[in-house]
Every structure is written in C-alpha cells, then in structure tokens.
Number of protein chains: 2
Amino acid sequence: MGRTAVSAEDIKLKLVEAEEPDENDYRLQEQVGFILRKAHQRHVSIFAAHIADLTPPQFAALAKLHDVGETSQNQLGSLIAMDAATVKGVIDRLKARGLVELSKHEVDKRRLLVNLTAEGRDAIERLIPIARDITQETLAPLSAKEAAIFMRLLAKLA
Amino acid sequence: MGRTAVSAEDIKLKLVEAEEPDENDYRLQEQVGFILRKAHQRHVSIFAAHIADLTPPQFAALAKLHDVGETSQNQLGSLIAMDAATVKGVIDRLKARGLVELSKHEVDKRRLLVNLTAEGRDAIERLIPIARDITQETLAPLSAKEAAIFMRLLAKLA
DNA sequence: TCAAATTCATTCGTATGCAAATGATATCAA
DNA sequence: TTGATATCATTTGCATACGAATGAATTTGA
C-alpha cells in the first residue's frame, strides 16, 4: 500500500476534530432557547437600571391601560401576554401602590375592571420616554439596519 | 388668500393621523423587551411540550455538566448564566431527583462540587436529541436563511 | 328552557430570577 | 504575617410565570 493510507474513518475523525456539525455534539450556548433567555435577562437588567421602582411586567400593564383605558383583568392579561394567575399578582401590587384602581363590572359580575389612577397616569406618562431609552439601549449592539431586521424576525418568532 | 389654506399645524396633524412615528405614541407590542419576553415564553412552552419532567434551566445544568464534567456550583452557574441563588435551587432539585451528586472540594473548602450521576448522564444523553427538535421547532417560523441571520443578531444582543 | 360548556377570577403549588445580607474560607498586599 | 479584599455558598424576601383546581357567573345549544 502507499504511504500514510487514509481511511474513511480517519477522514471522519478529522472532520469531527475540525468542529464539523456532529451528532454527538450539543452546544448549549448556541441554542436559541438559551440565548433567548440570556437576551431577556440582559433586557430586564437594562430596564431595572433605568426604572428602579417598576418591573417590566408592571410597566407593561400600566402602558397598556394607558393605551386602551379601562379593561377587565383577564382582558388586560391577554393584551400583555400574562396568564390569569400572573396578571392578578401584578395588578395587586400596582393597586397596593395606588397606580391602578379596581371596580366591578356592572353587567357581567364575573369581571373585575382595572383602570389607571391619576397617579398611575402621571407615572406611565413620565416613564414612557425612559422606556424609549431602554429599547434603544437594548438594541445598541446592533446597527440600525440590523436592529430593523432583528425586530422583524423576532416578531415572527414570538 | 387661496382656497383651503393649509398650515404647518394641519400638516403635522395629518402626519400624526397617518401613523407617523409620534413622540406621544408608545407601542408596547413593538418594543424589543416585550417581544423578547413573548418569544422566550413561546420557547419555554415548546420545551415543556417535548420535555415534561425537566425545565430549561435544569436541562441547561445537566447539559453543561455533561459537557465540562465536575465543577463547582458557582462556576456552573456562570457557565449557564445563573446567579448563585438561582443555581442553588436548580441543583438542589436535580440532586433530590438523583440526577446530580454533590461533594466537597478537597483543597478549597468553600467550594461545592457538582457532578452528574449515572442516571443524570443517561437522562441528558437521552434528552439531547429531543432538545435539537425543540430548537428546530422554536425556529420553525423562520426560513433557514432567516434563522441563521436571527441567531447571529440574537447572539450579539445577548 | 335548562343542562352543558365557557369565561372570569382566585388560590395553591412549584420553579425560576435577582438583590441584599451573612458566614466561612481564601487570597492579596502592605 | 496579618489585615483588608475577594470568593463561594446560603438564606431571605420579593416578583414573575404557569399548571391545576375551584367557584361564580354567563353563554350556548339541543
């Protein structure tokens, strides 16, 4: 045989060593779920640095109430992607701080109506400009063009 | 004056009505943080549909231990982006289920070493192929080309 | 019409996720 | 060497997040 015979096995080993996609090789750090979780963590951290006295879900509730006006608790939850149990906790805490007020629906007695208080309205109007900064800072690692593409694809994914 | 005089004010109003970017208009649904949260929620839901008996953080801990072998609890946490308090809870639950085992570091008595048990190793090796499916399904709304672009930009953001 | 199905809200249990405080151990620097 | 720092782990408290169970009220459909 010729010198340094190379078998198919050898070639396969070579490829593996060269970091070919390998069935036995699972890279956690490259999985979309893992990176999505980290990106979300980073955003929450940026949010907290700008708005210390409100969480992103609390802000979302106030912003949506400001947008649509009085709604039921469950309806609000579906608007901001929170299940009933979660939205209840968020609204309870906003109520305890006087930012929203609750009332019973006159016709449908199952429903609990939520509305901004004057204080809640002042707060959200004051915070919205800061929220714009938070969005900017979150997207800062991307160019304007990249950010536009990213937002389009992220929306398709969500 | 000519008929139908148009003032600058009128034009500004027109633009606002035509949905120009308006300073007084904040669209929660278009903010990166809000969509990031929803995309993450969707991924967790897909994960749960495929792997019912493990959460994504628990899976991440097992996958990373499988990758790097025995490490300290804090080190593991930094590898999978979890703070000390969070990783402790995750490891406690994995230990309670017999998937990891803990031991003291012989030299540095502060450290708590974590390692897979045989059962934990079996579990993670069995689950990794399923995790690939989860990644696929999460990215399914995107074409292959879009997914590649998205992953690149998401990584820059995280 | 009225029983079945649905909707709204609440509660419970479990699991992240993080800030802050604490204690034990290790390292650094004067 | 030792006093100041830093690191590792734990604990507490608070805030999402969601499945499942429950009860009240409403809507639907046979």
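Every chain is numbered from 1, with letters handed out A, B, ... down the list of sequences.
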- Task: Step by step, work out the side chain to side chain contact (heavy atoms under 4.5 Å, CB included) result for A/R37 and B/M82.
- Result: CA-CA 10 Å; A/R37 175 170 149 272; B/M82 274 178 225; 3.1 Å; yes
- Residue A/A85, side-chain atoms from C-beta onward, closest of D/dC8, C/dT11, C/dA9: C/dT11
- Note on the structure: Side-chain atoms of B/Q73 come closest, of C/dT11, D/dA9, C/dC8, to D/dA9
- What is the nucleic acid contact for B/V107, judged by heavy atoms within less than 4.0 Å: base, sugar-phosphate only, or nothing? sugar-phosphate
- Between C/dA9, D/dA17, C/dT7, which nucleotide gets closest to the side-chain atoms of A/N74? C/dA9
- Item | Length of the NZ-C1' vector between A/K88 and C/dC8, whole Å | 13 Å
- Item | Interatomic distance, A/L112 CG vs D/dA24 C1' [rounded to whole Å] | 14 Å
- What is the distance from CG of B/L54 to P of D/dG19, rounded to the nearest Å? 17 Å
- Query: Can you check side chain to side chain contact (heavy atoms under 4.5 Å, CB included) on A/F59 and A/I124, steps first, answer last?
  - Reply: CA-CA 7 Å; A/F59 175 88; A/I124 190 60; 3.4 Å; yes
- Message: Side chain of B/R111, heavy atoms from C-beta onward: which of D/dA9, C/dG17, D/dC18 has the nearest atom to it?
- Response: D/dA9
- Evaluate the criterion side chain to side chain contact (heavy atoms under 4.5 Å, CB included) for residue pair B/R111 and B/N74; output intermediate values, then yes/no. CA-CA 8 Å; B/R111 295 189 198 171; B/N74 270 14; over 6 Å; no
- Decide, yes or no, whether a salt bridge links A/K64 with A/D67 under the criterion of side-chain N to carboxylate O below 4.0 Å. yes
- Upstream residue (5' side of DNA chain C) when A/V44 and A/D92 are each assigned their closest nucleotide: A/D92
- Item | Atom pair distance, as rounded to whole Å: CD in B/Q41 and P in D/dC18 | 4 Å
- Task: Consider the side chain of A/Q58, meaning its heavy atoms from C-beta on, and name the nucleotide among C/dA24, C/dC8, D/dA15 that approaches it most closely.
- Result: D/dA15
- Considering only heavy side-chain atoms of A/D83, the closest of D/dC18, D/dA24, C/dA9 is D/dC18
- NA contact type, A/S45, heavy-atom cut-off 4.0 Å: base, sugar-phosphate, or nothing? nothing
- Message: Is there a side-chain contact between A/T55 and the phosphate of D/dT16, meaning an N or O under 4.0 Å from OP1 or OP2?
- Response: yes
- Message: So, OP1 or OP2 of C/dG17: does either fall under 4.0 Å of a side-chain N or O from A/R37?
- Response: yes
- Query: 5'-most contact on DNA chain D: A/E106 or A/T86, nearest heavy atom basis?
  - Reply: A/T86
- Quickly work out the B/H105 NE2 to C/dA24 C1' distance and round it to whole Å. 16 Å
- Message: Rounding to an integer number of Å, can you tell me how far A/D53 CG sits from D/dC14 C1'?
- Response: 15 Å
- Consider the side chain of B/A84, meaning its heavy atoms from C-beta on, and name the nucleotide among C/dT10, D/dC18, D/dT10 that approaches it most closely. D/dT10
- Message: Would you say A/V87 ends up clustered with A/L116 if hydrophobic residues are merged whenever their side chains have heavy atoms under 4.5 Å apart, either directly or through other cluster members?
- Response: yes
- Message: Could you check whether A/E119 pairs with A/R97 (Lys NZ or Arg NE/NH1/NH2 to Asp/Glu carboxylate O, under 4.0 Å)?
- Response: no
- Can you list the stems that DNA chain C is part of, where a stem is at least 3 pairs in a row, each Watson-Crick or G-U, with both distances below 3.5 Å? C:1-30 with D:1-30
- Item | Check against side chain to side chain contact (heavy atoms under 4.5 Å, CB included), A/L54 and A/L99 | CA-CA 11 Å; A/L54 228 50; A/L99 299 176; 4.1 Å; yes
- Counting side-chain heavy atoms from CB outward, which of C/dC18, C/dT10, C/dT16 is closest to B/R93? C/dT16
- Message: From C-beta outward on B/P57, which listed nucleotide comes closest to its side chain: C/dT16, C/dC8, D/dA17?
- Response: C/dT16
- To the side chain of A/K109, which of D/dT16, D/dT26, C/dC8 is closest? D/dT26
- Query: Atom NZ of B/K95 and atom P of D/dA9: how far apart are they, to the nearest Å?
  - Reply: 14 Å
- Query: Under 3.5 Å, side chain of A/E137 to main-chain N/O of A/H50, donor-acceptor pair present?
  - Reply: no
- Could you state the atom-to-atom distance from NZ of A/K104 to P of D/dT26 in whole Å? 12 Å
